[in-house]
**Q** 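This is the structure I have questions about; it appears just below.
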Amino acid sequence: MPSLERWVYAFGNGRADGSAAMRDVLGGKGAGLAEMANLGLPVPPGFTITAKLCIRYLESGTFPDHFREEVDRHLKQLERTSGTRFGSSARPLLVSVRSGAAVSMPGMMESILNLGLNDDTVGGLIASSGDARFAYDSYRRFVQMYGDVVFELGKGPFETLLEKARRRRRVQRDIELPADDLAALAREFKAIIRARTGKGFPDQPEEQLWGAIAAVFRSWRTRRAIEYRRVHNIPDDMGTAVNVMAMVYGNRGDDSGTGVAFTRDCSTGENILNGDFLPNAQGEDVVSGTRTPLPLSRMRRGALGKVYRDLERIATKLERHFKDVQDIEFTFERGKLYILQTRRAQRTGVAAVRIAVDMEGEALISSDEAVQRVPPQDLDQIFHPMVDPGSPVTVLARGLPASPGAAIGEAVFDADEAKALADKGRKVILVRPETSPDDFHGIVAAQAVLTARGGITSHAAIVARGMGKTCVVGAKDIEVDVVRRRFRVNGRFVRRRETITVDGTTGRVILGAAKLALPKVGTHYAKLMAWADARRRLRVRANADTPEDAKRSREFGAEGIGLCRTEHMFFEGNRITAMREMIVATDEIGRRRALAKLLPMQRRDFEGLFEAMTGHPVTIRLLDPPLHEFLPHTQADVAKLARTIHLPVSRLKRLVNSLVEANPMLGHRGCRLGITYPEITEMQARAIFEAACRVVARGRRVVVEVMIPLVSHVEEFRRQAQVVRRVAQEVFHAEGRAVPYRVGTMIELPRAALTADELAKEAEFFSFGTNDLTQTTFGLSRDDAGRFLPFYVEHGILPDDPFQVLDRDGVGKLITMAVRLGRGARSELKVGICGEHGGEPRSVHFCHRSDLDYVSCSPFRVPIARLAAAQAALEEAGVINRTRATV
Ligand code: ADP
Ligand code: MG
Ligand code: MG
């Protein structure tokens, strides 16, 4: 007989069939529950149905034969261990049925609590607890969740009835409703379900259970879950597991409750237990934000002190065991604590750095592991702006600082509107009473999220933090009026599309646009980056065009400039006039006259760059873009230029028109300009070397790299290099000193990559211009790609946007080939890349594996590239992350 595949794994009572290592099978929640049971922690008993079944069920619509028996067997076992029975009117077994995928998708899928209740068993719950309010509260919750999730009616119809009941009794909270009202609500909920679906509510617990299992599987494919996976790059074929576990009751009075705890502060990284809790409540009350919870620290003293200390002990144990900060769900029932979930806590970039460095200090992890812990792109957040502490602001309200940074935008009150405005390029702040998973697309679109209710573990807070987005929650003084699209705060209205500032670092909501400033980075960051720098092999340079950019890039740790685009220098002030004069000159004499005006300006810029880079190499690219980019386009501009250079307007117009190209990207640009007008190259070379000599004369070291752009044939390079070298000699002779320099080429055309051996005989370095190389390899223009590239990525025709993530299979193949050919011809050839990819972690990994000497990226991305380069080196060295992540 073939052995049967196993679908169900039990946990509870100090043991489990699974463990944290089985995340793919059990999902993160199931794996965490199993691991905690094995550790002897107080986890209610239950079983996990493997995620392997999810897609299979969704595709076939049925369950495999022996699966039903397997579930029945585990139910029986659960009844034995819990001393209760499904359908018993004396001691009924109630369970929760919970989703949980291998990768955490907070709040995206569904869970149902108190399953097993019907008009009989509710009597058993009353008898065993002596508390009718509690029993009917559990009953109405169950029918409500079942109606929402299994009958797919959503939350709306039930909330409306609840709201009515609260109004009738003049109470604020559901827990204040008397037992009779709650019993009536359960009946009315069932009536709604029948009215809307034509189906009766299932009374049999087994039938309830099977309906719930199927619904949890189905929740894998809700729109919001699919959208979440798309944004977070989570595969669609993973599926969710289903966890069935015995209920524990946080709604049994004031010595009961539920909450969420973080073992450290996930906003700042500080090592303190923190979180939210609600007395007399069930789990979903905390996360849904429908009641504003209390800070965990309130449990410390008084009647709940013992529960708090138990929690503290377990939190420490979990953190030491998993070697990472945990996000823990707990419930206490009449003073006894239960742990219902643990997972790796989401954290801000600032917190990630501090936690990794602190944990190294506590000998929980090594410095190598600390380096691996921080997602490189999260470093971005460390350089997020904050509200300038020195500038005056009008604080409208204060809430909880849920995710740091400061953001300015127009207040909007609806996720769809947030998205629509953001698509039009507006910056918006999503303001809601609280958020739910249906607001996800609005959160993605917004600069920041502001909610009136909810704690630091509310939906808005968790989602925003995960995306590194500024967020303030629980700003209690704000009354959000979603219908009239405005909020009221202390007697004043803030209307739709009025500008506000949200300060997620301090929790302030500020009227208007506050002045923002960059924070100072701390010692944790410095320590982590020092470890990273010691580990990486790749050098990291910056793309910088101005002395200011160069200075900033040094502060970010750049070890040189990998790309200085000289043309940017021509747009400043009145330089453009001299440039235009040069372009429209009809002969060499005219061109040289104009170039002579440009020379001192360029020289000054280069001096600034060399000064700022203090001995680190500076790669200067010669003029690259098509000339007509510099020309005047409006009537007025043409007339003005005509006056300055004494040309009739009609003549100038004709000249301008003659420079228009059908396909400028592949036209008269790059080295083709210097080949046809060598005097341009001559002027630029002169400016570079004269600047270098002057800076050296002031006692500084200078390393010059002159880069010839858009070379396709070695002869182009040869001729341009000749001009550069001749001018260098002339300048050195005149100045009476020499400066070390190299002449190299940018590789951005496939032909250059294919003939890299020829090129390397002449060129002393290569720099892959991966933006153009991607365009020319794919034969697609980045400026026009917007019409189809997003479609390609969304439909999986391309795995990623190749302008963001380097296309390893195509463009990457050209790169590795060119490196091999080039180094074959010149072993000391220096090789780097200078496209946008230089600051993208996956592309940096590729550059490391391809044995490049350096990557160059925009100044802000330099830290990201440094960390990514270190992680690539560690991965190569086989340093494994010891985190027993359950996500
Ligand atoms: P989510 O992924 O939305 O957090 P969960 O499956 O974790 O969904 O459950 C929702 C809430 O119900 C959580 O607060 C959880 O702690 C609580 N909960 C789940 N199972 C039980 C149970 N057996 N007893 C008491 N509370 C539970
Ligand atoms: Mg949960
Ligand atoms: Mg280019």
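The chain is numbered in sequence order, starting from 1. One-based numbering, in listed order, for ligands and for the atoms of each. None of these values were measured; they are calculated from a predicted model.
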**Q** Do we see a donor-acceptor contact under 3.5 Å between the side chains of Gln208 and Asn118?
**A**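 Distance-only check fails for Gln208 and Asn118.
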
**Q** Which option out of Gly100, Gly283, Ser111 puts a heavy atom nearest to atom 8 (O) of ligand 1?
**A**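 That would be Ser111.
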
**Q** Between Glu333 and Lys336 (salt bridge meaning N to carboxylate O under 4.0 Å), is one present in this structure?
**A**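 Salt bridge: no.
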
**Q** Any N/O/S atom, side chain or main chain, of Gln341 closer to the Mg ion (ligand 2) than 2.8 Å?
**A**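 Checking the Mg ion (ligand 2) against Gln341, an N, O or S atom does fall under 2.8 Å.
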
**Q** May I ask whether Pro44 has any heavy atom positioned less than 4.0 angstrom from an atom of ligand 1?
**A**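 Pro44 does not count as a contact of ligand 1 under the 4.0 Å cut-off.
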
**Q** Which of the numbered atoms in ligand 1 are below 4.0 angstrom from a heavy atom of Gln341?
**A**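 Heavy-atom distances to Gln341 below 4.0 Å select 7 (O).
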
**Q** Kindly state whether the ring of Tyr57 and the ring of Trp210 have centres lying under 6.0 angstrom apart.
**A**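 When the ring centroids of Tyr57 and Trp210 are compared, they turn out to be at least 6.0 Å apart.
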
**Q** With the Mg ion (ligand 2) as the point of reference, which N/O/S atom of Glu329 is the closest?
**A**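 Nearest N/O/S atom of Glu329: OE2.
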
**Q** Determine, considering heavy atoms only, which of Leu340, Val97, Ile339 sits nearest to atom 27 (C) of ligand 1.
**A**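 Checking each option, the heavy atom nearest atom 27 (C) of ligand 1 is found in Leu340.
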
**Q** Could you tell me whether Ser99 and ligand 1 have an N or O pair separated by under 3.5 Å?
**A**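 N/O-N/O distance below 3.5 Å does not exist for this pair.
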
**Q** Would you find more than 12 non-hydrogen atoms of other residues, nucleotides or ligands less than 6.0 Å from Lys476 atom NZ?
**A**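 Count not over threshold, so no.
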
**Q** Could you list the atoms of ligand 1 found under 4.0 angstrom from a heavy atom of Met245?
**A**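 Once the distances to Met245 are compared, the set is 23 (N).
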
**Q** For salt bridge (charged side-chain N to carboxylate O under 4.0 Å, His left out), just list the numbers for Asp236 and Arg229, CA-CA rounded to whole Å, side-chain angles, deciding distance to a tenth of an Å, and then say yes or no.
**A** CA-CA 7 Å; Asp236 278 325; Arg229 289 198 290 275; 2.7 Å; yes

**Q** Can a salt bridge be assigned to the pair Asp324 and Arg347 using a cut-off of 4.0 Å between side-chain N and carboxylate O?
**A**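 Answer for the salt bridge query: yes.
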
**Q** Does ligand 1 have any atom sitting under 4.0 Å from a heavy atom of Gln282?
**A**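 Not so, Gln282 does not reach ligand 1.
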
**Q** Do Lys155 and Asp438 sit within salt-bridge range, that is, some charged N less than 4.0 Å from a carboxylate O?
**A**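 No, this pair does not count.
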
**Q** For atom 24 (N) of ligand 1, tell me which residue out of Leu113, Ile112, Val248, Val242 has the closest non-hydrogen atom.
**A**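 Looking at heavy atoms only, the winner is Val248.
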
**Q** Ligand 1 versus Met247, non-hydrogen atoms closer than 4.0 Å: side chain, backbone, both, neither?
**A**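 Looking at Met247 and ligand 1, atoms from backbone and side chain both fall under 4.0 Å.
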
**Q** For the pair Asp72 and Arg68, find out whether any cationic side-chain nitrogen is under 4.0 Å from an anionic carboxylate oxygen.
**A**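 No.
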
**Q** Heavy atoms only: which of Arg98, Met109, Lys29, Arg141 is nearest to atom 1 (P) of ligand 1?
**A**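 Residue with the shortest heavy-atom distance to the ligand atom: Lys29.
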
